Amino acid sequence: MASQLVWLIFLLPFLSFAVISLVVRPFLNGSARLSGYIAIAAIGGSLALSLLVLQEVIRAPGHELLIPRVTWVVIGTTELDLGLLVDSLTAVMLVVVSGVSLLVQIYSQGYMHGDAGYSRYFAFMSLFTGSMLGLVMADNLLQLFVFWEGVGLCSYLLIGFWFHRPSAANAAKKAFIVTRAGDFGLLVAILALYASSQAGTLNIKELHLLAETGALGGTFLTWAAIGIFAGAAGKSAQFPLHTWLPDAMEGPTPVSSLIHAATMVAAGVFLVARMFPLFEHSSQALATVAVIGAFTAIFAATMGLVAPDIKRVIAYSTISQLGYMMLGLGMGSVAAGIFHLFNHAFFKCLLFLGAGSVNHATGTFDMRQMGGLRRRMPWTFFTFVIASLSLAGIWPLSGFWSKDEILAVAFQGNFILFLLALATVFMTAFYSFRVIFLTFAGSYRGGASAGAGHGSQGDGHGAPSLHESPAVMVVPMVALSVMAIISGWFNLGGEFSGFLGEKAHPLGFFGALANPLALLSLGVAVAGIVAAYGVYGARWVSAEGLGRAFAPLYNVFIHKYWLDELYETVFVRWFLYTFIFGLMELFDTYIVDGLVNGAASLALGGGRALRRLQTGQLQAYGMAIFLGVLALGLIMVLIR
Amino acid sequence: MNLFYLSPELSLVGVAIVVILLDLVVPNKTILAGVSLAGLSLPLAFSVALWGTNATTFNGMLTVDQFAILFKLLIVAIAALIILASVDYAGRFLAHHGEYYALILLAASGMMLMAATTEFITIYIALELSTLSLCALVCYRRDRPSSEAALKYLLLAVLSSAVLLYGMALIYGFTGTTSLVEIARNIGRNAIVLMGMVLLVAGFGFKIAAVPFQMWVPDVYEGAPTPITAYLSVASKAAGFAVVFRVFFTAFGSLDLAFDWALVFAILAAATMTLGNVAALTQTNIKRMLGYSSIANAGYLMVGLAAASALGRSSVVFFLAGYTLANLGAFIAIIAITNHIQSDRIDDFAGMSRRTPVLAAALAFCLISLIGLPPTVGFIAKVYIFSSAVAVGLTWLVLLAVVNSVISAYYYLRVVKVMYLSEPAEGPFPSSGALKVALAVSSLGVLVVGLLPYPLMRVAEVAAAGLLP
């Protein structure tokens with residue numbers, strides 16, 4: 001394959017964005033469906049190229065393709081290049097991002113059908129996917145940062161897609177601002193790396209080499225790595241920057257599915273994996289990643305236990321699973337973390353598409369208004385169960401394999417973190433099946449009121465007729481459920497790990513059932529499912545009773561540890577509004593305004609004065625030339 | 001004597017004569033524009049064929065090197081866009097089309113020659129060829145403002161030519177030659193040479209609109225037919241800078257002299273950009289505003305000149321190309337709009353975003369490039385030119401230039417604000433095909449070069465490297 005074609009992988013979606021927003025929207029808005037086709041064709045092309053790249057990377061020596069770099073600007077001795085780093089990590093990410101995005105966009109044709117912003121939606125989706133593809137291919141941190149911000153921008157645009165709804169506009173703002181806190185860390189780290197005498201480059205491979213040879217090390221490396229991790233934590237919704245993700249549900253459901261599976265949150269995990277040699281050579285940085293990851297995993301799971309909104313439960317599960325990935329990375333295994341990202345992409349995307357399908361029928365996301373959908377929506381039910389089993393980590397579905405690897409590396413690394421991860425396995429299984437029992441089992445609790453449908457919670461899909469979704473939505477779900485079953489098998493013999501350059505300890509398809517650690521996690525997961533059945537299926541214990549019995553805990557969970565309130569009150573209101581903004585206001589009123597008004601009136605006054613000089617009299621103009629010559633002559637005399 | 005070296009200019013003069021003759025027999029005058037456009041492919045082809053040549057001919061009067069050829073290509077491109085932009089305008093507001101297009105071509109040949117001449121007398125003749133053609137074009141509307149503008153332009157051009165010739169005479173008196181290369185060999189640093197240099201700066205200052213030799217600019221820009229205003233603002237300035245480069249780097253390139261003129265240009269740059277920007281703030285006529293904007297841009301260009309280095313030279317060449325794209329784009333959009341609304345007042349651009357969304361968006365985009373914001377070519381060009389000045393320690397000048405860029409945002413964005421936030425007075429209107437082509441070329445250029453600047457940078461480097469030292 002010609003190496004120029006590799007550039008097309010991320011340029012195609014950008015092209016689609018340009019065509020939709022410059023041609024289709026202004027001139028052909030009558031045929032909005034065309035934008036869907038353009039976007040899907042573009043991402044389909046990207047997927048095909050990504051698969052070719054994957055094949056080439058597998059064959060290439062050292063699993064890396066060398067793509068000629070392109071000079072972007074040269075000013076004096078400062079040279080900035082554009083380049084692509086295509087290695088095994090990139091190849092895996094390319095396939096996941098373009099594959100999931102393709103399915104989500106096909107599904108979106110059904111979900112967004114008839115929406116006034118149909119073209120705008122597909123334009124943004126293309127931009128989103130293109131930015132993410134560009135991000136995973138960047139070979140230097142500056143280029144990566146540009147696409148990183150592109151991803152952030154698109155998440156803002158898409159979460160706030162229905163911007164006329166205040167909750168959506170607020171959620172979009174929150175996502176943008178909270179991740180910005182992490183981006184600040186990343187930017188500082190990038191600038192520090194560029195400015196420092198230790199590094200002085202932003203080329204990712206050169207940075208790897210510098211870290212490996214020890215030229216880049218010590219406290220500086222630790223802080224640089226932690227700065228990078230701050231950026232990753234913001235994008236990947238790690239504690240304490242996780243608060244934006246549950247609110248991001250305000251966007252259209254396919255957007256959530258893309259954000260959670262392939263684009264936005266995966267960027268953080270990818271960044272840590274991409275810069276892994278820097279973390280590897282700083283034990284403190286690595287420990288930070290591991291501890292934050294393990295803590296986030298269990299912390300988010302507890303909130304998922306009680307949330308009443310189906311999308312929020314899945315959102316908390318994403319945060320929790322991202323914590324797993326970070327734990328895997330923090331324990332020193334890129335392959336374990338990325339393998340879980342790979343598997344997670346498929347089943348998490350599927351869960352969201354399933355939730356969207358349920359919403360398409362019921363017009364709500366509140367599980368208290370659902371129930372009994374199993375018979376009405378067999379395909380949705382069937383695929384949703386597969387995704388949930390995979391998420392819970394049931395043999396032999398994909399989630400089992402990658403989760404088991406993370407548990408294994410944690411077990412070897414740190415026993416406390418391992419116990420946290422194991423407890424999370426129980427909770428994950430419990431809340432996944434709580435969703436299943438509440439949504440699909442029992443009888444329908446929505447009644448006629450669901451017919452209103454256009455409530456604040458719904459996506460504006462209000463048909464109460466409780467039918468299965470159209471084929472354009474079901475087919476992508478079925479395709480994803482196949483992947484949710486088999487994607488874990490790619491590492492049965494350690495192939496996936498080997499591809500990423502790590503030695504794995506393969507258990508084998510049935511061998512896993514003889515491994516004590518794997519059996520333990522499987523047992524815990526099954527216990528979680530049984531417990532969920534006991535409470536929400538068979539109702540041996542009533543959920544309300546449990547809530548009352550553990551009232552203090554329940555309150556903490558349902559109120560999300562009051563972190564939103566904490567941020568809002570202490571940080572935003574007290575610290576920012578009262579303290580910082582108060583000071584700023586004083587500074588602004590008395591110093592900045594004074595300067596600006598002074599400068600502006602000076603400039604405008606100067607403008608008026610100069611207008612008077614421009615008399616229109618030719619004599620005056622001639623005199624100006626004469627005086628100019630005199631003045632220049634004087635200057636010459638004076639400097640002599 | 002090798003006529004091939006002169007072929008771009010000769011062929012252009014030939015095309016101009018053909019256009020005048022055709023005018024006598026062709027009833028449909030649009031054909032003349034087509035012939036002029038097609039004819040421009042001749043100098044284009046000859047220039048491309050000459051790329052890579054490095055020769056001096058006609059006893060040292062003419063030099064063909066990459067610097068000259070790049071400017072020739074730039075001027076051919078500008079002339080082509082101006083002709084495209086004129087088709088509509090000329091058809092509605094002007095008479096004598098044959099001479100109109102022929103004069104555009106003759107002015108272009110003069111300006112192409114300006115970039116290639118390396119001898120004082122030839123420089124003067126090339127300068128006059130372009131100035132007189134432009135002067136005739138300025139009065140082409142034949143109404144009061146247009147005639148007044150032309151008269152002012154003519155008289156001040158004569159005055160500054162006199163100043164220029166006086167400077168040339170002084171230098172000739174000291175060195176005994178008019179050839180730039182020979183001057184460099186014979187020159188020393190004394191009062192006569194310095195005074196000669198001052199007079200040359202003043203004479204060329206008229207052409208590039210440097211303060212205080214810029215007084216003609218607002219009046220002439222306002223009075224001239226709008227396509228000619230656009231022509232003056234880019235081609236005339238580019239050719240002027242080409243000559244300045246030739247004279248000052250080739251003839252006065254020695255280190256002690258370079259120190260003198262670099263300082264003069266630094267001071268002129270500071271005065272020019274500040275005056276241009278501040279005066280533009282209060283303008284209500286868009287052509288006058290762009291007149292002051294072109295003065296301000298001459299100031300930025302002189303920042304690169306004041307750097308007096310290879311980096312400065314290539315940055316000026318790049319800036320000129322970028323400024324040409326953005327300024328021409330803006331003018332073409334303005335021509336398309338004013339053709340319809342019959343007014344140059346900024347207030348009359350109210351609501352253009354709804355009346356003619358594509359034109360308004362293109363105009364806004366080109367104005368953003370003139371401010372110097374990414375992702376446009378204006379951003380890269382400013383970074384380039386400012387870093388060349390920082391590299392030689394002219395930090396004070398760059399700081400002033402940055403402050404000036406901020407001031408300029410006010411008047412450029414005011415146009416955008418009026419177009420996008422004010423209520424439209426009337427309904428939508430269409431625009432002509434030729435204008436659309438010209439506008440698409442220039443605003444796409446602004447975007448593409450803004451995103452991928454390196455190829456043009458490389459060309460600018462190669463072209464500027466030819467001039468020693």
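This one's a predicted model, so the numbers in the text were calculated from it and none came from an experiment. Naming: A, B, ... by sequence-line order, numbering from 1 per chain.
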> Measuring heavy-atom distances to chain A, does B:Leu275 have an atom under 4.5 Å in its side chain, in its backbone, in both, or in neither?
Replying inline: both

> For B:Ile380 and A:Trp72, what are the C-alpha separation, side-chain angles and deciding distance, and is it a side chain to side chain contact (heavy atoms under 4.5 Å, CB included)?
Replying inline: CA-CA 11 Å; B:Ile380 305 276; A:Trp72 184 54; 4.2 Å; yes

>> A:Tyr156: which residues meet the ring-ring contact (aromatic ring centres under 6.0 Å, His included) condition with it, sequence neighbours left out?
In response: A:Phe176

>> Test of understanding: with ring-ring contact (aromatic ring centres under 6.0 Å, His included), list the residues that count as partners of A:Phe147, not counting sequence neighbours.
In response: A:Phe10

>> Under 4.5 Å from any heavy atom of chain A, what part of B:Phe259 do you find: side chain, backbone, both or neither?
In response: neither

>> So for atom OH, which belongs to B:Tyr166, do other residues, nucleotides or ligands contribute more than 12 heavy atoms lying within a distance under 6.0 Å?
In response: no

> Do you know which of B:Met215, B:Glu148, B:Met457, B:Met195 has the most heavy-atom pairs under 4.5 Å to chain A?
Replying inline: B:Met215

>> Rounded at 0.5 Å granularity, tell me how far CG in A:Leu618 sits from CG in B:Leu155.
In response: 5.0 Å

>> Heavy-atom cut-off 4.5 Å, strictly under: side chain, backbone, both or neither for B:Val163 against chain A?
In response: side chain

>> Please give me the minimum heavy-atom distance between B:Leu156 and A:Gly622, naming the atom from each residue.
In response: CD2-N, 4.0 Å

> Is there a side-chain contact between A:Tyr621 and B:Leu159, using heavy atoms and a 4.5 Å cut-off?
Replying inline: no

>> Looking at chain A, which one of B:Ala210, B:Ala202, B:Pro218 has the largest number of heavy-atom pairs inside 4.5 Å, strictly under?
In response: B:Pro218

>> To the nearest 0.5 Å, what is the distance between CD1 on A:Ile635 and CG on B:Leu263?
In response: 7.5 Å

> Based on non-hydrogen pairs under 4.5 Å, which of B:Thr274, B:Thr282, B:Val201, B:Asn277 is most in contact with chain A?
Replying inline: B:Thr282

> What's the shortest heavy-atom distance between B:Pro212 and A:Gly628, and which atoms?
Replying inline: CG-CA, 3.4 Å

> For the atom pair CG (B:Leu268) and CG (A:Leu632), what is the distance rounded to the nearest 0.5 Å?
Replying inline: 5.0 Å

> Of the backbone (N, CA, C, O) and the side chain (C-beta and beyond), which part of B:Ala391 lies under 4.5 Å from a heavy atom of chain A, both, or neither?
Replying inline: neither

